[in-house]
Trainee: 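Here it is, the structure, as structure tokens.
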Amino acid sequence: MLTLYDYELSGSCYKVRLMLGFLGLAHETRHVDFHPGREHKADAFLAINPLGQLPVIDDDGYVLRDANAILTYLASAHDPDGSWGFGGDAVRNGRIAEWLGFASDFTGTIGAARLHDAFFYDLDAEAARAGGRRLLCILDEHLWFQERQAAQWLAPGDHPSIADIACFPYTALAQDADLDLADYPAIRRWHDRFKRVPGFTVMPGVFPARG
Amino acid sequence: MLTEEQRRTWQPIAASTDLVPRHVFAGSIWGQELAVWRADDGHVNVWENRCLHRGVRLTIGVNLGSELMCQYHGWRYANRTAGCTYIPAHPADAPARTICNRVYPALERHGLVWAALEGTVEEADLPELPADGLVLRPIPVAVPPAEVKAALTIEFGRDDVRWLVQPVDAGRSVIRGVLGEAPADPLPALRVWSARLGRLRDRLEALPRPPVEPIPAELHRVDSALAGMPEPGPAGASLRVRVARKWPVAADVTAFRLAPLAGELPAFQPGAHIDVALPNGLTRQYSLTNGPDDTRSWVIGVKREPAGLGGSACLHDVVREGDVLAVSPPRNNFPLRRDGLLTLFVAGGIGLTPLLAMARTLHLARLPYRFHAFARSADHLPFVDVLDGLGDAVERHIGLDPAATTAALEAIIGTQGEKHELYVCGPTPFLDAARTIAAAKGWPDEAVHFEYFKNERPRDASTAFELALARSALTLEIAPGQSIVEAVAAHGIHIPTSCAQGACGTCRVGVIEGAIDHQDVHLTPSEKARGDCLMACVSRAAGGRLVLDL
């Protein structure tokens, strides 16, 4: 059985929950009280992940940390069609890896500003927001040109990839970090498309698309 | 406060390509947030970005194709008019017509969507643009519009690009450029300009400048025409419509498509009817058959009633295409619930008209329903083309005698499943039979919805009684032969009416005290037993006195 160490309000844990939803994978959830309990820094959890970070999975004894790593693993181990992960051609695989890295930058900017605003972390929120805006500009431009070429997703190909999953949460939660997505219309349209992928799941602050 | 010029100038708020199907785009002019969405019929709606219920932004709502749904409590607003069509927390009620969102003037030209904050703009006021230009990627800039304009002129004034700067707010802009001539392959040019403008944005945003206060959102009062009470009496035919098309839809049934003389017709909900003032002085009620995806003109079906007083005959024989008719705004006394797990529509003959509008609504929303249409012969079944559009959900019952009709109704209605709703409309005997069967099978009154065309029950206006109006502090004597509506009108109190025979439900008035002699066919038996309201056009006191909430 697959176990997810999860915190509901975490954008990074949401990446894994999205993946599990798209793959329809049965799993157990262990709730880790990130705030205010700081259970992720408690000894019991540090024994699982010495970095004290969520998410972590335990797939029948195979323990894996880091959202990008988990997405890569799940796509290799549990996606029979190979459509989400690195099963495509070299160009697609390269782009997926590129946008997975970009997603980590979102965690360090929008995610950080959100930690400041919503979880009272002491950090330079304005610098984090400015960094987030810069990344959103780049993502919006990429998606706008993808639309011009009838491409719907971050990486080339007709099927969304783990790169879309990785970039979705913190852009969809931008409002929590006081960033207005009205300036990034192509990102908003990509969100709508992503929300209509069968198996999509929501989290607090992320609304479903219908119709 | 915004200036006249800020209000009255067309601003480009989006590119046409921004408004993809089933999406809600976030726009803004001078700090006024806009919810922008394209309906499935192509129409571009530009509304205030605020649900009238709890003020939640409609840009996080859902574009349902012909309605926009607020994300918070699911209020639905109609394409074009922004009138509220459904409130899930009150599924059995028709939303008041005052619940209508603010609609801004909008145009789609030259690949751009234009809007203005006030309605007095005209298309001729649009700036001239190249007919086959190339709309560049828009670049938002956190810099005041005037500064952006000046910088564009200095940097790119000599290029073959028409520069437009959308004033998002006092300190925010969007650069929208239109290249004079679209190259065969537009991508390289689009990339070059996206990069150039991105660098300009970075440079301008880095310049030191004092912070600019955002312009506060303006709140608007409800339009006075909407805020007023409905016009009294059946003469309240305040709308003028043109008969755009008149065509036969069955033996003895003629359909009329009624179009506005200008602008848009008011919002309506499935089940609504209008009063039609006829050239011969009569007024008749007809249900709208339109679905929520067909709101630009109304379609009514009129059955010729040879034994009638000449209302239907006048429409059939006198009214022609091109004629102008006076009609009332739509009223809905037959609201459609959208929360049933299965909705059964049972239509007898021309009684299918309001049910057609309802079924089209559920069909578009992909909610489960079955539609049973009864008719004397295949030729007597109206609106066959619309029924065909509903596909497998429709079952036709043609040419049944009364016994076979009853048997068919027994089979259709059956016992009520969980959250099943029944809607019935048709001639009186048909409707009576359906209601009797539903009651016998144990359907509760609340789940059986019906509308009679006319009140064929015997009525008795021979009693005299005392009528007290609690809010008006007035006591009247009602004489035999006089209705409550007539008596209070003589004292300047107007109760809105429509059919004047206790069928349509428009003249419902609250009763505070006194036993009621109900003579209508609108209220359900349990509503009548509750004794807290009556139909003022026909009902009277059962004792000697009534106190009304008027």
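In what follows, chains are A, B, ... by sequence order, proteins preceding strands, each numbered from 1.
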Trainee: Tell me, for Gln175(A) versus chain B, whether the close heavy atoms (under 4.5 Å) come from the side chain, the backbone, both or neither.
Mentor: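 Only the side chain of Gln175(A) comes within 4.5 Å of chain B.
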Trainee: Measuring heavy-atom distances to chain A, does Arg191(B) have an atom under 4.5 Å in its side chain, in its backbone, in both, or in neither?
Mentor: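 For Arg191(B), backbone and side chain are both near chain A.
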Trainee: Report which part of Pro138(B) has an atom under 4.5 Å of a heavy atom belonging to chain A: side chain, backbone, both, or neither.
Mentor: side chain
Trainee: Heavy-atom distances under 4.5 Å only: say whether Ser28(B) touches chain A with side chain, backbone, both or neither.
Mentor: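 Contact with chain A involves no heavy atom of Ser28(B) at all.
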Trainee: Do you know the tightest heavy-atom contact between Ala75(A) and Ile162(A)?
Mentor: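 Scanning both residues completely, I find the closest heavy atoms to be CB-CG2, 4.1 Å.
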Trainee: Mind checking side chain to side chain donor-acceptor pair (under 3.5 Å) for Gln152(A) and listing every partner two or more places apart, or none if nothing turns up?
Mentor: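 In terms of side chain to side chain donor-acceptor pair (under 3.5 Å), with neighbours along the sequence ignored, Gln152(A) is linked to no residue.
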Trainee: Who passes side chain to side chain donor-acceptor pair (under 3.5 Å) against Arg203(B), sequence neighbours left out?
Mentor: Glu155(B)
Trainee: Check this for me, if you would: do Glu8(A) and Arg17(A) make a salt bridge, where the nitrogen-to-carboxylate-oxygen distance has to be below 4.0 angstrom?
Mentor: no
Trainee: Would Asp164(A) and Arg193(A) pass as an ion pair if we require N to O under 4.0 Å?
Mentor: no
Trainee: For Val24(B), is it the side chain, the backbone, both or neither that has a heavy atom under 4.5 Å from a heavy atom of chain A?
Mentor: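 Contact with chain A is through the backbone of Val24(B) alone.
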Trainee: Could you check whether Tyr7(A) and Phe34(A) have their ring centres less than 6.0 Å apart?
Mentor: yes
Trainee: Among Arg338(B), Arg80(B), Arg22(B), which residue meets the salt bridge (charged side-chain N to carboxylate O under 4.0 Å, His left out) test with Glu67(B)?
Mentor: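 One option only clears the test, and that one is Arg338(B).
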Trainee: Hey, which residues of residues 92-104 of chain A are touching chain B, say heavy atoms under 4.5 Å apart?
Mentor: none
Trainee: Do the charged groups of Arg137(B) and Glu147(A) touch, with an N to O distance under 4.0 Å?
Mentor: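 Salt bridge absent between Arg137(B) and Glu147(A).
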Trainee: Sequence neighbours excluded, which residues qualify as ring-ring contact (aromatic ring centres under 6.0 Å, His included) partners of His43(B)?
Mentor: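 So His43(B) forms no ring-ring contact (aromatic ring centres under 6.0 Å, His included) with any residue.
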Trainee: Under 4.5 Å from any heavy atom of chain B, what part of Arg188(A) do you find: side chain, backbone, both or neither?
Mentor: both
Trainee: Tell me whether Asp294(B) is salt-bridged to Arg360(B), with the criterion being a basic N under 4.0 Å from an acidic carboxylate O.
Mentor: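 Salt bridge between Asp294(B) and Arg360(B), a charged N being under 4.0 Å from a carboxylate O: yes.
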Trainee: Could you look at Asp180(A) and say if it's the side chain, the backbone, both or neither that has a heavy atom under 4.5 Å from chain B?
Mentor: side chain
Trainee: Is it the backbone or the side chain of Ala195(B) that comes under 4.5 Å from a heavy atom of chain A, or both, or neither?
Mentor: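 Ala195(B) touches chain A through backbone heavy atoms alone.
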Trainee: Tell me, side chain or backbone of Leu190(B) under 4.5 Å from chain A's heavy atoms, or both, or neither?
Mentor: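 Both parts, backbone and side chain.
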Trainee: What part of Asp183(A) gets within 4.5 angstrom of chain B, counting heavy atoms only: side chain, backbone, both, or neither?
Mentor: both
Trainee: Is a salt bridge present between Glu33(B) and Arg50(B), judged by a nitrogen-to-oxygen distance below 4.0 Å?
Mentor: no
